[in-house]
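Some notes on the structure that comes next.
Chain identifiers are assigned alphabetically (A, B, ...) following the order of the sequence lines, protein sequences preceding nucleic acid strands; residue numbering begins at 1 within each chain.
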There are 2 protein chains.
Amino acid sequence: METPYAAVDVDVLDRNIRKMEAGAGERGLALRPHAKTHKTIEVGRRQIEAGAVGLTVATVREAEIFADGGIEDLFIAYPIWPSPERARRLRALAERVALRVGVDSVESAEALARAVGPLDVLVEIDSGHHRSGVQPADAKVLAGAATKAGHRVRGIFTFPGHGYGPELRKQAALDEARAMAVADADAEVRSGGSTPTAALEDAGPLTEIRPGVYVFNDAQQVELGTCGFEDVALTVAATVVSRTGNRAIVDAGSKILGADRLAWATGFGRLPDVPEARIVALSEHHATIEFPDAVPARGDVLRVAPNHVCTTVNLVDRLVVVREGGQVDEWVVAARGANT
Amino acid sequence: METPYAAVDVDVLDRNIRKMEAGAGERGLALRPHAKTHKTIEVGRRQIEAGAVGLTVATVREAEIFADGGIEDLFIAYPIWPSPERARRLRALAERVALRVGVDSVESAEALARAVGPLDVLVEIDSGHHRSGVQPADAKVLAGAATKAGHRVRGIFTFPGHGYGPELRKQAALDEARAMAVADADAEVRSGGSTPTAALEDAGPLTEIRPGVYVFNDAQQVELGTCGFEDVALTVAATVVSRTGNRAIVDAGSKILGADRLAWATGFGRLPDVPEARIVALSEHHATIEFPDAVPARGDVLRVAPNHVCTTVNLVDRLVVVREGGQVDEWVVAARGANT
């Protein structure tokens, strides 16, 4: 294999899948993993085989691709606005899989009903991330309007994305629980959870969680304390092409690692095999890595854990599947670029 | 077209190409645009037809794709380390196009000579960006070693990437000029220039410039003062899917805009049609935009200029080509993901 490429250790992947499924089971929660992280049919199937009730996706196109791949229960956790073409596609999807979609306004609930017809919907709640979603106290009004528009309201959902920071995930999980309780503690489905908050013990009033990143993990999760380096299933293999002083340059840049870097990150990714190294700069095809001790030689191949694995996966056409260091398979990233 | 998609205004594109070519011509400089920005055969051909001496690329795979597209003169401005497979590909490339590659160490010059054979090489100089490249004073030693290894040393090159900051580009251009003069003021090829520094008047000792971004421009270039919004040829069309208070959420996130954000940027991109709006947050499929006045309605389609257009192009399979607001063509991003 020529570098840079993304490699998935299938034993670590399977362990991550089993662990999250077991954790959800112990707490009596349904697991509906977010497939935006892996975008890969083979990984989605492994999640379902391990016990997931279905998959979560971000776009209609992702839903279509996973439906083509045999996944029969899909939740589009996004406030879709139906253009005529998107409405046609949603209708076709609803006829072939068990489909749920998010709504976060009376206007979008009515627009979906007009353009697509009755759907199974979940009302999106803002639990503190302040992106989309209604305030918890407004959930029942929106649920009523969605029902009136003809939809079957199956419950409520939220994304506690404000848990992506050190020491923030416990508070985010508390905010999520409070928001869901205020919104509708008796809803049939009360869906929440990100990888950081899903790792916490108290699920509060949730019935379902939708973590995505846990399947591969990444440098952000390690630095958040959600997992260790041994739980990182996906890494990018990169060759040292240049070096000077205590620095080496490898051939993996933002065009494969992604440019994501939250304010608290130590750099643009981490090296699981050299935890004390720091990726201090990132260009499109160069990562500049500082080493406290020995600097690798030109031609050495290093493993880099990206900061945000969802971005890396969306940049590659294929995942190289490895076991004990050797390639055993190759998976197509079927939903790469599936933004519509 | 369903949103989000990347649209290129072909009239603005052609004007950008003509303007850079004219500016280079006035200063007696050869123009060798960096094709990593557009990754698209049709754009590369337009640059050559307008007078470019050849194209610059970042990877062997990009070179192969542009060679397949009929571009006959290519410079891989990267310190390639030759694995056996990459060496084989480089040899094949050198047989069918006029090829130059970068070297930044005696070790890599010798490795290339052993694995590939004699090549036309340019010695990479560090002019202040501190990524790859030798110090200017070491250039002649490296050139001598590369010649001894069997290569034809055609000259020197640098990337003044430290000019990507407000008020920094003039100093970066001065650093570049000084570095090139120290390295080898008499080299046949003295190649430099990024879009910010290429826009300055004094090219110093350069004979060639390699700007990339100018062809499309982006929010970073606008905020650097290199161009105006009217010069931004590529924008992402995005639909408003949610709104609250003075904020709207559109369906273009980091999976199409890219997550690039330099410290001085005002946000995660700009709206050329609403310059006072600010993109205050970005998720994978959501951009959160604050509007000082009227907030657009759900369903409205907005144009977003990404921060760093090279990243956006690398995330899409096709560019929708528009003229006066209507689609006139569609171009395949042939070198998307061409990282090896």
Side-chain angles (χ1 to χ4, degrees), chain A residues 2-5 36 58-61 78-83 85-86 89 104-105 107-108 111 124 126 130-134 159 161 239-244 247 249 251-256 258-261 281 283-286 288 297-299 308 310-311 314-317 336-337 339-340, chain B residues 2-5 36 58-61 78-83 85-86 89 104-105 107-108 111 124 126 130-134 159 161 239-244 247 249 251-256 258-261 281 283-286 288 297-299 308 310-311 314-317 336-337 339-340:
Chain A
E2 286 191 82
T3 63
Y5 63 88
K36 72 182 171 66
T59 69
V60 177
R61 188 74 197 115
Y78 195 84
I80 303 168
W81 185 264
S83 67
E85 175 60 10
R86 195 133 342 168
R89 290 166 55 205
D104 82 337
S105 68
E107 206 181 339
S108 65
E124 184 175 1
D126 176 6
H130 304 321
R131 192 174 64 183
S132 45
V134 295
F159 174 62
T239 300
V240 176
V241 296
S242 184
R243 61 203 293 263
T244 163
R247 293 179 164 197
I249 310 288
D251 62 0
S254 64
K255 280 182 172 167
I256 185 159
D260 295 57
R261 186 186 174 174
S283 308
E284 288 162 59
H285 297 279
H286 310 69
T288 303
R298 284 187 180 80
H308 185 190
C310 307
T311 301
N314 190 46
L315 287 164
V316 296
D317 293 312
R336 185 200 52 73
N339 287 318
T340 60
Chain B
E2 285 189 84
T3 62
Y5 62 88
K36 73 180 170 67
T59 69
V60 178
R61 188 75 197 114
Y78 194 83
I80 302 168
W81 185 264
S83 67
E85 175 61 11
R86 195 132 346 166
R89 292 166 53 205
D104 83 337
S105 67
E107 206 181 340
S108 65
E124 183 174 3
D126 176 7
H130 304 322
R131 192 173 63 182
S132 44
V134 295
F159 173 64
T239 299
V240 176
V241 295
S242 184
R243 61 204 292 265
T244 161
R247 292 179 164 196
I249 310 288
D251 63 358
S254 63
K255 279 183 172 166
I256 186 160
D260 295 56
R261 184 184 176 176
S283 307
E284 288 163 57
H285 296 279
H286 311 68
T288 303
R298 282 187 181 79
H308 185 190
C310 308
T311 301
N314 191 47
L315 287 165
V316 296
D317 293 312
R336 184 200 53 73
N339 288 319
T340 59

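Proximity to chain A (any heavy atom under 4.5 Å) is shown, for B/V316, by neither the backbone nor the side chain. Of the two parts of A/S83, only the side chain, counted from C-beta on, holds a non-hydrogen atom closer than 4.5 Å to a non-hydrogen atom of chain B. Both the backbone and the side chain of A/E85 come within less than 4.5 Å of a heavy atom in chain B. Contacts between A/I256 and chain B at a heavy-atom distance below 4.5 Å involve backbone atoms as well as side-chain atoms. Proximity to chain A (any heavy atom under 4.5 Å) is shown, for B/S132, by both the backbone and the side chain. For chain A, the nearby part of B/T288 is the side chain; its heavy atoms alone come within less than 4.5 Å. With a 4.5 angstrom heavy-atom cutoff, A/T3 touches chain B via backbone and side-chain atoms both. Neither the backbone nor the side chain of A/R261 comes within less than 4.5 Å of any heavy atom in chain B.
The residue among B/R243, B/H130, B/E107 with the most heavy atom pairs within less than 4.5 Å of chain A is B/E107. Among B/T239, B/D251, B/V241, the residue making the largest number of heavy-atom pairs under 4.5 Å with chain A is B/V241. Interface summary for chain A: among B/G161, B/S105, B/G253, the most heavy-atom pairs under 4.5 angstrom belong to B/S105. Taking B/P82, B/C310, B/G258, B/G133 one by one and counting their heavy-atom pairs under 4.5 Å with chain A, the maximum is reached by B/C310. Contact count against chain B (heavy-atom pairs under 4.5 Å) is highest for A/S283 among A/G337, A/S254, A/S283.
Judged purely by atom type and a 3.5 angstrom limit, A/K36 has no side-chain atom pairing as donor or acceptor with the backbone of B/H285.
Taking CG of B/N339 as the reference point, atom CD of A/E284 lies at 10.0 Å (rounded to 0.5 Å). Separating the CD1 atom in A/I80 from the CG atom in A/D104 is a distance of 11.0 Å, to the nearest 0.5 Å.
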Could you check A/L315 against B/L315 for side chain to side chain contact (heavy atoms under 4.5 Å, CB included), going step by step and ending with a plain yes or no? CA-CA 7 Å; A/L315 287 164; B/L315 287 165; 3.5 Å; yes
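Residues A/R298 and B/S108 have side chains that never bring a donor and an acceptor to within less than 3.5 angstrom of each other.
Of the charged side-chain nitrogens involved, at least one lies within less than 4.0 Å of a carboxylate oxygen, so that B/E2 and A/R89 count as a salt-bridged pair.
A tilted orientation is assigned to the rings of B/H286 and A/Y78, their planes being inclined by 30° to 60°.
Every residue two or more places apart in sequence or in another chain that forms a salt bridge (Lys or Arg N to Asp or Glu O under 4.0 Å) with A/R336 is listed here: A/D317, B/D317. B/H308 is linked by a ring pair (Phe, Tyr, Trp, His ring centres under 6.0 Å) to nothing, counting only residues two or more places apart in sequence or in another chain.
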